[in-house]
Amino acid sequence: MSVRVRFAPSPTGYLHVGGLRTALYNYLFAKHHNGKMILRIEDTDRSRFVENATENLISMLEWAGIIVDESPTKGGEFGPYIQSQRTNIYLEHIHILLNNGKAYYAFDTAEELDAMREKLQAGNQGDYRYDRMNMKNSITLGMDKAIELINAGIPYVIRMLVPDNEEIIFKDIIRGEVKISSNEVDDQILIKSDGFPTYHLAHLVDDHLMGITHVIRGEEWLPSTPKHCILYKAFGWEQPEFAHLPLLLNKDKTKLSKRTGSVAVEDFREKYIKDAFINFVALLGWNPTGDREIYDFQELIDLFNLEKVNKAGAVFDLQKLDWFNFQYLQKLSPEEMGKMLNEELLKIEKTGYDLNWLNKVAYALRERVHFISEIPNYAPYFFNDEIEYEQDYLEKHWNADKKNIILPLVFELEKCKDFTHDELHSTTKKYCEENGIKMKEVIHPLRLMITGKSIGAGMFETMELIGREKCISRMKKFLEKE
RNA sequence: GGCUCCAUCGACUAAUGGAUAGGUCACCACCCUUUCACGGUGGCAGUACGGGUUCGAAUCCCGUUGGAGUCACCA
């Protein structure tokens, strides 16, 4: 049987990085096995629906390189792929359960449920499950009475009937065998009073109908998996394989949330190189063994296996992601770097640069920044003619003596024919040798006069990029002032 | 609180009962050097604790401790 997996988010606004990793693992697993991945939108909670969330979800997945085989926009033979368009299917299926006695109607109000839970809490602690035999439902009232209430327009829900005293055992690919007594499982609501199914019913019916072979989802679903096992059995369906992924964590080891920083994929898209981000995320909770860190997308697909997914959660620590970004930055061509730099400059409304020149600037600085986006701030002297001088640097490398050394050099440099790195370098070297001074004695003042900053790329390379005219005028302006 | 899951350097992880517990990020030092970086070399740092099984345990078992997830007419 060929592998079919799914990613089934709720359209609640944005794609969470934890969700992206789940989607990634699903995708890697599917493609590794030449299988299919589907995208299904779980929008049965009408109150949480957010406009355009589905489009956003898809565009984030596509940015990440996750191209699903079947989806609301792409279609497929198992559609529709939006749960709110499948309500009739759920209703059909709930009747199977109603008819075989595996589900029942319940009429309790929110207040009555609250009262029940309070009572249970007062009695035996830790047990808040639906008290089936002491509430208003078709078991205590009888089916005739239940039908009567329904016909009278009384709101109702449909709950699953959990069998007593059964041991539920299921196999998880990552965690092995998990056991739990059915006495711990609640009579979960399957159909809400608004007629929509809950997640538990809807996802399970869909997974079955859509031929899903492996359910790969976050660990937060582990506690409700026994419910799903009971449901599969109630329907008489074979259950899929389960794999519950370890959670992505905040620094304090709690489930990753936006509390401590951004978790929306769109925010990462703005800052990081896609391949670096994917590489980083893929290695959070999984490792193909060995000492390697850098893997391209195809290698991830080739190597991925669920058996080597870790059990413990992984702290989502951006420090290493920055390093990955640096590594991938070095692999880009000057043209790619220049393009990114141009986009950054557009954001701060700096336009009109020669693209070829931007390529060179970005390339020259590639080893000094983790992100292309740092460049405008790291080396403003490429884009502003107004130079700000670093005070410490100025004090350290400038005084009356320096002026006497530098002045003749400026004239020599002005005479350079091509104003290229090589010529500037040899001219300066010659000058230093003739006057018995060290190169660094003059390079720092040059850097100071032209860039104002103590850090940056090689000075002659920088001068070539800034150009003769600007370099000379900056030096002269500085010399007049100081 | 009940239930379930989990536990290797600060972080990500490797080591499928057998070497001095390996690599990467971060941090520190040194080298290179034209500043800052890159790069190179080295360093710091870990099997939560206690039992057991075994010739041998990070690894298997039990217990303890700690952490997390979950317990909705949300997914």
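Each chain gets a letter, A, B and so on, in the order the sequences are listed, and its residues count up from 1.
- Between the side chain of A:R368 and the base of B:C36 there is at least one donor-acceptor pair of N/O atoms closer than 3.5 Å.
- Comparing B:G63 with B:C5, their P atoms sit 13 Å apart, to the nearest whole Å.
- Regarding contacts with the backbone of B:A75, a side-chain N or O of A:K192 is found under 4.0 angstrom from either OP1 or OP2.
- Summarising the base pairing, B:A7 is matched to B:U65 through a Watson-Crick or G-U wobble pair whose two defining distances lie under 3.5 Å.
- An OP1 or OP2 oxygen of B:U4 is reached within less than 4.0 angstrom by no side-chain nitrogen or oxygen of A:T225.
- In this structure B:G56 sits in no base pair that meets the Watson-Crick or G-U test at under 3.5 Å.
- The P atoms of B:C36 and B:G43 are separated by 25 Å, rounded to the nearest whole Å.
- Here the separation of B:C12 from B:G2, taken at their C1' atoms, is 33 Å to the nearest Å.
- Residue A:Y393 is classed as having no contact, given no heavy-atom separation below 4.0 Å to the nucleic acid.
- Between the OH atom of A:Y128 and the C1' atom of B:G2 there is a distance of 8 Å, given to the nearest Å.
- Remark: the separation of the C1' atoms in B:U16 and B:A11 is 25 Å, to the nearest Å.
- In this model, the phosphate group of B:A15 is approached by a side-chain N or O of A:T289 to a distance below 4.0 Å at OP1 or OP2.
- Between A:Y393 and A:H444, the ring center distance clears the sub-6.0 Å criterion.
- Residue-level contact check: A:R175 touches the backbone only, with heavy atoms under 4.0 Å from sugar-phosphate atoms and none from bases.
- Here A:H228 and A:H203 bring their ring centres to under 6.0 angstrom of each other.
- A straight line from NZ of A:K311 to C1' of B:U47 spans 16 Å, rounded to a whole angstrom.
- Nucleic acid contact class of A:N325 (heavy atoms, under 4.0 Å, all strands): none.
- If you check B:A19 for Watson-Crick or wobble pairing at under 3.5 angstrom, you find it has no partner at all.
- In this structure, B:C36 shows a glycosidic angle more than 90 degrees from zero, which is the anti conformation.
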If the sugar-phosphate is the primed atoms plus P, OP1 and OP2 and the base is the rest, what is the B/S/- string for nucleotides 21-33 of chain B, using protein heavy atoms under 4.0 Å?
-BBBSS-------
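- Nucleotide B:G39 forms a pair with B:C31, judged by Watson-Crick or G-U wobble geometry with both contacts under 3.5 Å.
- For A:L245 against A:R175, the heavy-atom pair with the smallest separation is C-NH2, 3.7 Å.
- At the heavy-atom level, A:R117 lies under 4.0 Å from the strands shown only through sugar-phosphate atoms.
- For the P atoms, the distance linking B:G18 with B:U24 amounts to 24 Å, nearest Å.
- A:Y378 comes within contact range of at least one nucleobase, with a heavy-atom separation under 4.0 Å.
- For the C1' atoms, the distance from B:A72 to B:U47 is 40 Å, rounded to whole Å.
- Figure legend: cation-pi geometry between A:K331 and A:Y328, with NZ or CZ positioned under 6.0 Å from the six-membered ring centre and within 45° of its axis.
- On the C1' atoms, B:G17 is 46 Å away from B:C74, given to the nearest whole Å.
- Between A:H200 and A:W221, the angle of the ring planes goes over 60°, which puts this pair in the perpendicular group of the 30/60° scheme.
- Atom C1' of nucleotide B:G66 and atom NZ of A:K253 are separated by 11 Å, given to the nearest angstrom.
- For A:K429, no side-chain nitrogen or oxygen approaches OP1 or OP2 of B:U34 to under 4.0 Å.
- When each of A:Y105, A:Y130, A:Y104 is checked for a side-chain hydrogen bond (donor to acceptor under 3.5 Å, both in side chains) with A:N137, only A:Y130 meets the rule.
- Within a 6.0 Å radius of NZ in A:K402, other residues, nucleotides and ligands contribute more than 12 heavy atoms.
- Counting any heavy atom pair closer than 4.0 Å across all strands shown, A:A110 reaches no nucleic acid atom.
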Verdict with reasoning, A:F324 to A:Y272, per ring pair (Phe, Tyr, Trp, His ring centres under 6.0 Å)
CA-CA 9 Å; A:F324 270 109; A:Y272 296 96; over 10 Å; no
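- Rounding to whole angstrom units, CD of residue A:E177 and P of B:C6 are separated by 13 Å.
- Across all strands, A:K308 comes closer than 4.0 Å only to sugar-phosphate atoms, never to a base (heavy-atom distances).
- A centroid separation of 6.0 Å or more is found between the aromatic rings of A:W323 and A:F280.
- The pairing partner recorded for B:G2 is B:U70, the criterion being a Watson-Crick or G-U wobble arrangement whose two distances lie under 3.5 angstrom.
- With both ends at atom P, the span from B:C73 to B:A15 equals 43 Å, rounded to whole Å.
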